[in-house]
Each structure stands twice: as C-alpha cells, then as structure tokens.
Amino acid sequence: MVTVTMKLTSRVQHLGCLLALCFLAQVLWDIPGVWALDNGLAMTPTMGWLHWERFMCNTDCKEEPDSCISEKLFMQMADLMDSDGWKEVGYEYLCIDDCWMAAQRDSKGRLQADPIRFPSGIRHLANYVHSKGLKLGIYADVGKKTCAGFPGSFGYYDIDAETFADWGVDLLKFDGCYCDSVEQLADGYKHMSLALNKTGRSIVYSCEWPLYMWPFRKPNYTEIRQYCNHWRNSGDVYDSWQSVKSILEWTSSNQKTIVSAAGPGGWNDPDMLVIGNFGLSWDQQITQMALWAIMAAPLLMSNDLRHISLQAKMLLQNKDVIAINQDPLGKQGYLLRKEDNFEVWERPLSSLAWAVAMVNLQEIGGPRSYTINIASLGQGVACNPACFITELLPTKTKLGFYEWTSCLKTRINPTGTVLLLLGRSQTFKKLP
Ligand code: GLA
C-alpha cells in the first residue's frame, strides 16, 4: 500500500515537473529575445541617422561641397544630433552608407576611406562622433562589390570586421549586392556576424539578407535572427507616398512570416524614415512615423538636419510615439483589419497597454469618419472592462475612458493616420 502511494506520488511529482518544464519552454519560446543574436545590442529598435535616401552617392565635393559624402557632412550632422535635441530623445547612431570608400583597398588589403572626402580617416570621425556622445555606423557589402561599385567584403570578412572594430565603429550595415549565389549570400552574412563578434567590440549588425534571399527562396527568419540585429525585407524607401505605401503593403501581406521574428535584439527593418524631406505630405509623414512605431522598426532618419522644418522635427522627436517604438516588451504590431480603404493596425505594449493606428488610404476626397468597436481592439482584452484612450497623432488629446461595449469615432485625413494609446490609466508612457 505504502509503496503504491509512494509510486503514485512520485509519478504525480514527475508529471508536475514535466508540466513545469513544458510551461518554462513555452514561456522561453514566447520571448523571441532568447533566440536573438547574442551580442546584447538593439534590445529596442536602433535609432539614428543614415545618409542614403537623402544624400545617396554624391561624391562631387567640388560642385556640391555641402551635400557630398564627406567627413564634413557627418561632423555637421553629429553636431546637430547633439545640439538640436535628437540625441536626447534617442537618436544615437550616426550612420554612413555606401560611397565612403576609396576605389581600392590598401597594400595590406584593408578598406580605406576616400582620401579627398575623408582626409582625417574613419577613426578620427569615430572619435569625433563619440565625443558628442553618439555612435558611428558604417557600410560594407557581403559580395564582391558594394551596390555602388566600391570594394566588397567577399574574401575579406575577418579583416574588415577587425578594421571596423579598430576604427571604433559601432554599427555595420551590410548590403547584399554582387553575390554569386544564395549560398554565398547566407554564408557571407553568417561569417561577418561571427567575425564582428570575434573582435570583442559591440557592433550592431544590420543586414539585408532576407531582401536578397526572397527572389530565390523564403528566408529562414529564425536563422537570420540568430545572426543579425535587424534585417531589411523590402526594397529601398524613396521620398514618396507610393514608396511608404508599398512598404506597408509588403509588411502586412507578409506579417504571418515576419512579425513573430521581431523582438529584443532583432528587428524587421522597413528602411529609413524620410520625414523632413520633399516627397511626403504632412499627413503622410504622420503615417510613416506612426506605422514605424507600430512595426517596432529601427528609426533611422535620412534627411538634412541642417534644413528641416520645425513641424517635421517635432514629429520625429515626439516622445510619446518614440516610447511606443521603443517599448521594452518588443513585440511588433500587425494589421488587424482592412475595410472600406481604412486600415487598423495594433501593437501590444508593456503594462497591458496597446497602440492602435487607423489609416485612411483613400486618395480622393476629404477627411472620412471611421468608427470602431472598442471590444475588437487589443485581442478583446485591451479595454476590458475599460481603458483610457489618448490620441497621440495628429494631435495629443486625452479622449477619456472607454468601456468595453462602447465605440470610438475618429476622422482621418486622406493618407493620414490617427495614432491612439490605450492604457489602463491616464498616465502617459514616458521615455525611459
Ligand atoms: C542598396 C541598399 C540601400 C543603399 C544602397 C547603397 O540599394 O538597399 O539601402 O545602401 O544599396 O548603394
């Protein structure tokens, strides 16, 4: 009798342990950060500035001294990131894109900066950027050449990683042009990730691996996440509504594949913020800012901080929207509903809060009303039994308490967005 009881007890205990283990495994599995590239970086999406969309491959410093890719441009941007409040709200990485290199490697096979445009060299620039309390990003390519035709890193991964670490670089954007095969592409991205880690310096690793992989086969995001801190999926952003719209379309149509891949340490990268340039209307700029926050996207501005309107600056420096983007839970949002040319996106946040973005995609007519059942938001739990709703964009307004059974009516401008924060109380989320 005794033995039987003991056996039963130990079996029950065994089962209990198994269940506890299963639960633990489930919890760990649900935290994507566990499986991220283990370099401790990008626990929230990277914020900073990247030259490409606005300045491209302008190497003509004779004709255009103020907008060519040169150390002067980056020093000026560093000064402004420091003095104009950008650093304060989180924009930290000042990133060089393509076209910084000299046409040839040096005699020891190392990459070198163009001597005319970067006369003091990258190490000096990194020191300058660090002296402003910022970090420096640089660009290279996994293949034989960069997309603009400068020396590629193929065959030089270790030496290039060491060079960047030696110069004091803090982020590497690694492009995927001029690869001979998808195997070479994948091997190259992995090799560079390990090479960067081997240097011992903390270097954020920004990849374009899935973008170059998609035409051949569906990328394995679990694997990509183990090697990269963020990864581009879709084509280059342009300074136009058409471009921003197509990136949103790509993201929502592939959300089943990509949303679960994002989390602390690794993020989907829908490309740069083009707010403050020429191509987006005010409402479209609001849409880009709101949706990049919902998508937990890296916030890398590509604009001219020397010439930017106060309005665009206020939008890019909006602390409430940045807090959504940088939410420590690190879960990417998704498209919840699409009807009558409206889209509703939502993102779960820490402290049981939710962000909701409603976009009016109709490009004819004026502002249109959209009414939403509160119960349909936040997987039915965001406002159960009630929540406090604050409109963050276009204008910060406390809308008040809403019960689960109530409706919320908004008016949204064509191609514009209303961004809401659904919280448990009136207190606003603050930047850490
Ligand atoms: C590719 C990338 C861009 C930019 C250019 C530079 O197109 O996707 O973001 O880096 O190359 O040549």
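What's counted below: heavy atoms across the whole structure, side chains too, no hydrogens, waters or symmetry copies. Atoms within a ligand are numbered from 1 in the order they appear, just like the ligands themselves.
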Is [X] near ligand 1, meaning one of its heavy atoms is under 4.0 Å from it?
X: Met56; answer: no
X: Thr146; answer: no
X: Arg232; answer: yes

Notebook entry, point to check: Are any of the side-chain nitrogens in Glu183 or Arg217 under 4.0 Å away from the carboxylate oxygens of its partner?
Noted result: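 Looking at Glu183 and Arg217, the cut-off is met.
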Note to self: Check Asp97 with Arg54, please: is the shortest side-chain N to carboxylate O separation under 4.0 Å?
What the structure shows: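 So Arg54 does not pair with Asp97 through a salt bridge.
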Next item on the list: Please indicate whether Tyr238 has more than 12 foreign heavy atoms, meaning atoms of other residues, nucleotides or ligands, lying under 6.0 Å from its OH.
Entry: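 Check fails, neighbour count at 12 or below.
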Starting from [atom], locate the nearest protein heavy atom and write down its residue, its atom name and how far away it is, to 0.1 Å.
atom: atom 4 (C) of ligand 1; result: Asp97 OD1, 3.4 Å
atom: atom 1 (C) of ligand 1; result: Asp175 OD2, 3.0 Å
atom: atom 7 (O) of ligand 1; result: Asp236 OD2, 2.7 Å
atom: atom 9 (O) of ligand 1; result: Lys173 NZ, 2.7 Å
atom: atom 12 (O) of ligand 1; result: Asp98 OD2, 2.8 Å

Margin query: Looking at Ile159, is its backbone amide N or carbonyl O close enough to the side chain of Arg110 to form a donor-acceptor pair, meaning the two atoms are under 3.5 Å apart?
Written below: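 Side chain of Arg110 to backbone of Ile159, a donor-acceptor pair under 3.5 Å: no, none is there.
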Margin query: Looking at Ser302, is its backbone amide N or carbonyl O close enough to the side chain of His51 to form a donor-acceptor pair, meaning the two atoms are under 3.5 Å apart?
Written below: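 Judged by distance alone, no pair lies under 3.5 Å.
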Next item on the list: Could you tell me if the ring centre of Tyr189 sits under 6.0 Å from that of Phe174?
Entry: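 Yes: the rings meet the under 6.0 Å criterion.
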Next item on the list: Enumerate the atoms of ligand 1 whose separation from the nearest heavy atom of Cys147 is less than 4.0 angstrom.
Entry: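 What qualifies from ligand 1 is 1 (C), 11 (O), 12 (O).
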Margin query: Within ligand 1, which atoms have a heavy atom of Glu208 less than 4.0 Å away?
Written below: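 Matching atoms, with element in brackets: 2 (C), 8 (O), 9 (O).
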Checklist line | Working for salt bridge (charged side-chain N to carboxylate O under 4.0 Å, His left out), residues Arg232 and Asp236 | finding: CA-CA 9 Å; Arg232 284 269 308 281; Asp236 291 3; 2.7 Å; yes
